[in-house]
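Single-structure report; data block below.
Because the structure is predicted, anything quoted here is derived from the model rather than measured. Every chain is numbered from 1, with letters handed out A, B, ... down the list of sequences.
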Amino acid sequence: MNESDAFSHPDAKARLFDGPDASAATRSALALTWADPPGWLGALAAINHKTIARRFIATTFTFFLLAGVLALVMRLQLARPGNRIVSPDTYDALFTMHGTTMMFLFAVPVMQAVAAYLIPLMVGARSIAFPRMNAYAYWVFLFGCLTLYGAALLGAAPQAGWFSYVPLAGPNYGLGKGPDIWAQMITFTELSALLEAVVLITTILKMRAPGMSLNRMPLFAWATLVTQFMVIFAMPSIMFASTALILDRLVGTQFYNPSLGGDVLLWQHLFWFFGHPEVYLIFIPALGFISSILPTFARRPIFGYTAIVLALIATAFLAFGLWVHHMFATSVPALGKSFFTAASVMIAVPSGIQIYCWIATLITGRLNVKTPLLFVLAFFFILVLGGMTGIMLGAVPLDVQLHDTYFVVAHLHYVLLGGAVFPLFGALYYWFPKISGRMLDEGLGRWHFWLFFIGFNVAFFPMHLLGLQGMPRRVWTYSSGMGWSDLNLLSSIGAATIAVSIVLFLVNVVRARWRGEPAGRDPWGGATLEWSTPSPPPPHNFDAIPVVHGRDPLWDPPGTPAYVSGLAADAREVLVTTALDAVPDLRPLFPVPSIWPFVSAVATTVLFIGSIFTPWAIVWGSVPVVAALTAWFWPTRRQNAQALALERRP
Amino acid sequence: MSTGTSADGRSGPAQPRTPTRSTLPHSASTATAADTIDVRDLPSFGFSSRSLMWWATAGLMLIEGTVFALGVAVYFYLRDVNASWPLGTPVPDWRWGTLNTAILIASMVPNEIVKRAAQRQNLGASRAWLVVCLAFAMAFLAVRGIEFAALNVMWYGNAYGSIVWFLLGLHTTHLITDTIDTAVLAALLYFGPLEHKRFVDVSENALYWYFVVLSWLPIYAVIYLAPRFHP
Amino acid sequence: MKRSCAFFLARPGLLRPRRTHCARHRRAIASTVPVVSGVSVTMPAALARAAIPLEHNALAPAGIQAEHIVRLWHLTLVVCGIVFAAVLVGVLFALLRRRTAQRPQPPDLSGNVKPERRTQRAVIGVSVLSVVLLVGLVVADVLTDRALSKLPVADALHIQLTGWQWWWQARYPADHGRPAFATANELHVPVGRPVVVALGAGDVIHSFWVPSLHGKKDLLPGITSTIEFRADRAGVYDGPCAEFCGAEHALMALRVVAEPADRYAAWAAAQTATAAAPADAVAAHGMQVFESSACASCHTVRGTHAVGLLGPDLTHLMTRQTLAAGALANNAANLSRWIRDPNSVKPGTTMPAVRLSTPDLQALVVWLTTLK
C-alpha cells in the first residue's frame with residue numbers, strides 16, 4: 001500500500017459544530033454522539049465516564065455495606081465476654097475481610113469513582129481521558145471484588161488480617177489459598193487504581209476548559225490530582241510486596257524467610273510504605289469534598305485557596321515519610337523511630353492549616369445549614385479527635401503501649417470515618433441531585449446524620465478506654481474478669497445504631513430515585529462548573545464548553561469569551577488544552593464504545609486467578625490478554641474513516 | 001458511528017431529556033461568534049506532551065520506575081540485613097549481561113530514527129525502522145534468556161537469588177511488552193487502516209523504548225556490579 | 001530454633017518445706033480464679049476472698065517504664081485536649097453566630113476584591129501556635145524515649161522469652177549461683193530489680209506486652225530484640241500477646257508476677273528442682289500414663305522420662321496461676337477438662353486431644369497436681 005492510499009479518506013461532508021448558539025438538532029446530535037449503546041451488549045461496551053463512575057460508586061458502596069455487615073457480626077461476638085457466636089477462624093476471616101474490603105474495595109476506589117464522575121464536569125470537559133481504559137479499570141476492579149468474595153464463599157477467605165503479615169501469611173503458616181487470594185486481590189485493585197490514576201491526572205492536566213489555569217482549578221480537582229500522584233508512587237510498593245508473597249508461596253522464593261537470607265520486616269516496610277500513604281489516598285479526596293461543600297453552604301469562596309493547595313501538596317509529600325510509625329514495636333533502630341515521630345507529628349501542620357482556613361470560611365460566611373454541611377461539620381469533631389489520638393500514637397513511648405490495642409481501632413475509625421466517610425456522605429447528599437436529578441429528603445438526611453454521628457461515637461469512643469485498659473486487637477473473645485465487658489457492649493450498641501442510620505440512608509436514596517423532588521440544575525447555588533449542566537447531565541456534559549475567568553465560574557461576573565465553539569457535534573471530539581494555563585491546543589477524536597475493555601478484563605481475570613494456582617498461568621494467560629488488548633487498540637475501518645475525515649495535522 | 005439507537009435517540013435507563021431549548025446558564029441567546037473561542041481549526045493530534053498518549057506513557061514510566069526503584073531498595077535492604085552477601089552464592093557471569101547492555105544501548109539508534117521519522121510523519125521510514133527495532137528486540141530477548149541461566153543462582157535458593165531473579169524478570173517483562181507493542185505498531189503501519197495520529201503512537205512507543213533501555217542501566221549495576229564491589 | 005537439652009537435665013534443687021510453700025501458692029492460685037477464667041468455672045465461695053487482682057491498665061503503672069509513659073500521656077492528653085476544644089469552639093462560634101437564611105443567599109465575593117487581613121493574621125497566628133505546640137510535643141516524646149532507654153540495668157535479671165503459637169517459652173539463665181531453669185507462660189520477677197528480656201519467635205510474629213510495666217516489643221522470627229523494665233511494686237500483671245499470631249492469639253496471655261526479692265528467690269529456687277517422685281500409687285500410675293502417652297513427646301517434666309520440646313515445660317506446673325497461657329484457672333477440674341478436650345477451650349490449639357480412659361486421666365491429673 002503506498003502512502004497516499006494509506007491515508008485515503010472520503011470527501012469531508014458538511015458537519016455539525018457545537019457552540020452556544022447551536023441549533024436543537026445540533027444539541028440532540030451531541031447527546032446521541034456521546035450516549036451509551038443500548039441493550040446488554042451495549043451495557044458491557046459502555047464507556048461514558050458518568051456511566052462507568054455510577055457503576056463504580058454503586059459497586060464500592062455495595063462492598064461498604066457488606067464490610068459493615070461483617071463488622072456487625074464481629075461486634076455481636078464481642079458484645080459479651082466468652083461468646084461463642086463464631087469460631088476463632090471465622091472471626092479472623094471476619095476482621096480480615098472487613099479491613100480488606102473497607103480499605104481496598106471501598107475507601108480508595110470510591111474516591112476515584114466519585115472523581116471519575118465529577119472531574120470532567122468540574123473542569124469543563126465532555127469526557128474523561130482514556131475512556132476505554134477507564135472502563136477497563138472498572139471491570140478489573142469488579143472482578144477483583146468478586147474474586148475475593150467468591151473465594152470467601154468457597155471457604156478460602158484470607159484470615160491473616162488486612163495487612164497480612166508474614167510469616168503468618170507465608171508458605172509455612174498461611175495454610176490454604178486464603179493469603180494467595182488476598183494477594184491477588186491486591187493485584188486486581190492496584191492495577192485498577194493505577195490505571196484510574198493515569199486517567200484522572202491526564203484529564204485534570206490536559207482537558208480543562210479554556211481559562212481554567214491551575215490556580216483557578218477547583219480544590220476538589222487539586223485534591224484529586226495530588227491523590228493520584230500519590231497512588232502512582234505508593235501502589236507499586238504493595239504490588240511488589242504481594243507479588244513477592246505469592247512467589248514465596250507458589251514458587252519458593254525466599255524474600256520473607258529469615259533462615260535463607262530473607263526478612264520478616266521486609267514485608268512490613270513494603271506494606272507500610274504503601275499503607276501509610278494509602279490512608280491519605282482516602283483522606284485527601286475527602287478534604288476536596290469539604291473544600292467544595294463548605295463554600296456553597298457558607299455562601300462565600302473558600303478562604304485561603306493557595307494555602308490549601310500548598311497544604312495538600314505538603315501532606316502528600318510528608319505522607320511518604322511516616323510509614324515506620326506502624327513498626328515502632330519492632331527492632332527498628334531508635335534514632336530512626338524518632339525521625340518518624342517528628343514526621344508523624346508534623347504532618348498535622350498542613351492538615352491543621354486547612355482546618356483553620358475552613359473554620360475561617362465558616363466564621364466569615366453566612367451559613368445555610370443543610371445535610372451536606374452537617375456531615376462536613378462532623379469532620380471537625382470526629383477527624384480532629386482522631387488526629388489528636390494520631391499525635392499520641394506518633395510518639396514512640398505512647399505508641400508502644402497503645403499499638404495493637406483497641407486504642408488504635410478507635411483512632412483509625414475516627415480518622416477514616418471522620419476524615420473520609422462523613423465527608424463522603426456529605427458529598428453524596430451534595431451531588432446526588434446532580435447525578436440523579438432528584439433531591440434526597442432533608443428530614444431523613446438529618447435523622448441519618450444524627451444517628452450516624454451518635455452511633456459512631458458510642459461505638460468507637462469506648463475503644464480508646466479499652467486499649468488503655470489493656471485490650472489487644474484482633475481477639476475473637478475476652479474473659480469476663482478483665483473489666484472490658486460493659487464498654488464492649490456499649491460499643492456494640494453503637495455499631496447497631498450506625499447500621500440503622502445506614503438503612504435510613506438507603507431508604508432515602510431509593511425513595512428519592514423514584515419520588516424525590518426534582519433538583520434542577522443548581523439546587524444549592526454552587527460555584528463550580530458541574531452546577532451549570534442539567535441534572536442529570538446529558539451524555540455530552542456541556543452543550544458548549546465554557547470558558548473560565550475565575551475560581552468560582554458560576555459566581556464570578558461573566559467574562560468574554562464565554563464559550564467554546566467549533567467542536568464536532570456528530571463525532572466524539574474533545575478539547576485538549578495546555579497543562580498550566582489551559583490554552584486550547586488540540587481537537588482529538590475520542591474512541592467510541594467498545595466491548596474490548598470488558599473482554600480484556602475477563603482475560604486479565606483469568607490470568608490473575610490462574611496464577612494463584614500455577615506460575616504457568618502467567619505464560620498461557622498472557623496470550624488472550626495480548627489478543628484482547630490488540631483488538632482493543634486496532635482501529636476499525638469505520639473509525640479510521642471518520643478520523644481521517646476530521647483529521648487536521650499540526 | 002457505532003451507537004445503535006432507538007427511535008428517539010435514547011439508550012439505557014436514566015435518560016436525560018433531549019434538550020429542545022438551550023441548557024446553558026448564561027444568557028447564551030445573546031452570545032455571538034465574537035463571544036466564543038472557535039476551535040474547529042485546531043489540529044487533531046500533536047506530538048510529545050501535547051498528546052494524551054504521552055501522558056499515559058509518562059504515567060507508566062513513573063509507575064514502573066517506582067517499581068524498579070523499590071526493587072533496588074529491596075536488594076540493598078536484604079544485603080544490609082545479612083552478614084555476608086551474596087549469601088554464599090557465586091556472583092553472576094558478567095559477560096552475557098554486558099553484551100545485552102550493549103545491544104540495548106545500540107537499539108536506541110534505530111529507536112531514535114523511528115521517533116524522528118514518526119514526528120516527520122514519514123510512513124516509509126517509520127515502517128522500515130520499526131522492523132529494525134524488532135530485530136534488535138529479538139536479539140536482546142534471546143540474550144536475556146541466556147542471562148537468566150548465567151545468574152548462577154536459582155530464585156528459590158535464597159533471598160539473594162529471589163531478588164536478583166525478580167529484578168531481571170521485571171525488566172524482562174518490559175522487554176517483552178515493548179517488543180509486542182512495537183510488533184503491533186509495525187503490523188498496523190503495514191497492514192492496518194491508517195490515520196496520521198498513528199505517528200503519535202509510534203513516537204510514544206519510542207519514548208517507552210527509551211525508558212526500558214535506560215531503566216536497565218541501574219538494574220545492570222545492581223545485578224552485576226553490586227555483588228562484586230561491596231564494602 | 002535449636003534448643004539444647006542441657007537445661008532440661010535434672011539438677012539438685014534446694015530442699016524446702018513444700019507443704020506451707022504450696023499452701024500459700026494454692027490460695028494465691030484459687031483467689032485469682034474469678035479474674036482469670038476465660039470460660040465459666042465454678043469455684044467455692046470461700047476461696048474468693050483476698051483476690052489479688054490481675055492488672056492490665058496502662059494508666060496505673062507498676063514500674064518505672066510505664067510511669068515515664070503515663071507522664072507523657074498526661075502531657076499529650078492536655079495539649080491535645082486544648083487543641084480539640086479550640087477547634088470545636090471555632091466551629092460552634094461559626095454555627096451560633098450565623099445569620100441564618102433559609103434560601104441560599106447570593107455569595108459574598110468581597111474577599112476576592114480586597115484581602116482579608118484580619119482573617120489572614122488569625123489563621124497564620126493559629127498555625128504558628130500549632131507548630132510550636134507540636135514541636136513541644138515532639139521534644140517531650142524524644143525526651144521520654146531517651147528516659148526509657150536509660151533504665152539502669154546493673155545486676156539485671158535476664159530472661160529469654162520465645163513466643164510460639166500459642167504459648168510463651170521462658171528460660172531463666174543461671175543467676176547469682178542459682179542454676180538455669182525453664183518454665184512457660186508465667187514469669188516471676190523481683191520487685192525493684194531491672195529485668196532484661198531477650199525476645200525471640202519460634203514461628204510467627206508475637207508481641208510481649210505487660211501494660212502495667214512497659215510498652216510492647218515484638219518477637220520477630222530471625223531477629224533477637226530485648227526489652228528492659230523494672231517492677232516497682234508487687235502484683236500480678238497480665239501480658240496478652242499483642243501481635244496477631246493466628247487462631248488463638250486471643251488466648252495467649254503471659255502472666256507476670258512481681259514479688260519481693262525473697263519470695264522471688266524462693267520461687268526461682270523451687271523452679272530449678274526436678275519433679276519429686278510420686279508419693280502414692282495413683283500418682284505413680286499417672287506419671288506412667290504421662291510418660292507412655294503422647295504427652296511426653298511434647299512436654300518435659302524434669303525428673304521423668306518426658307523430654308518433649310514442643311510444648312511448655314511442666315515440671316512445676318502447679319506453681320502457675322493459669323493453664324493454656326491464661327485460658328483457664330489452674331486447678332484439677334480445669335486440668336482434666338483441658339487434657340480431655342483442648343479444642344473446646346482453645347479452638348485451633350496445637351495440643352491434640354489425647355485419648356485416655358477415665359481412670360488413666362484421673363491418675364494423670366492427680367500426678368500433675370503434685371508438680372509443684
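- Proximity of a side-chain donor or acceptor of B:Ser162 to a complementary backbone N or O of A:Gln254 within less than 3.5 Å is detected.
- Judged purely by atom type and a 3.5 angstrom limit, A:Arg587 has no side-chain atom pairing as donor or acceptor with the backbone of B:Asp41.
- Taking chain B as the reference chain and counting heavy-atom pairs below 4.5 Å, the highest number among A:Ala244, A:Gly252, A:Pro210 is found for A:Gly252.
- In terms of modelled atom types and a separation under 3.5 Å, the side chain of B:Asn158 and the main chain of A:Leu260 share no donor-acceptor contact.
- At distances below 3.5 Å, not a single donor-acceptor pair connects side-chain atoms of A:Glu647 with backbone N or O atoms of B:Glu195.
- No other option in B:Asp201, B:Leu62, B:Thr66, B:Leu60 has as many heavy-atom pairs under 4.5 Å with chain A as B:Thr66.
- For residues 164-184 of chain B, the interface with chain A (any heavy-atom pair closer than 4.5 Å) comprises B:Phe166, B:Ile180, B:Val184, sorted by residue number.
- Remark: side-chain polar atoms of A:Lys206 are not paired, donor with acceptor, to backbone N or O of B:Ser51 under 3.5 angstrom.
- B:Leu70 touches chain A through backbone and side chain together, each having a heavy atom under 4.5 Å away.
- The CG atom of A:Asp18 sits 9.0 Å away from atom CZ of B:Arg40, with the distance rounded to the nearest 0.5 Å.
- Among A:Thr577, A:Leu205, A:Thr636, the residue with the largest count of heavy-atom pairs under 4.5 Å with chain B is A:Leu205.
- Between the side chain of B:Trp155 and the backbone N or O of A:Val251, at least one donor-acceptor pair lies under 3.5 Å.
- Residue B:Asn82 touches chain A through its side chain alone, counting heavy-atom pairs closer than 4.5 Å.
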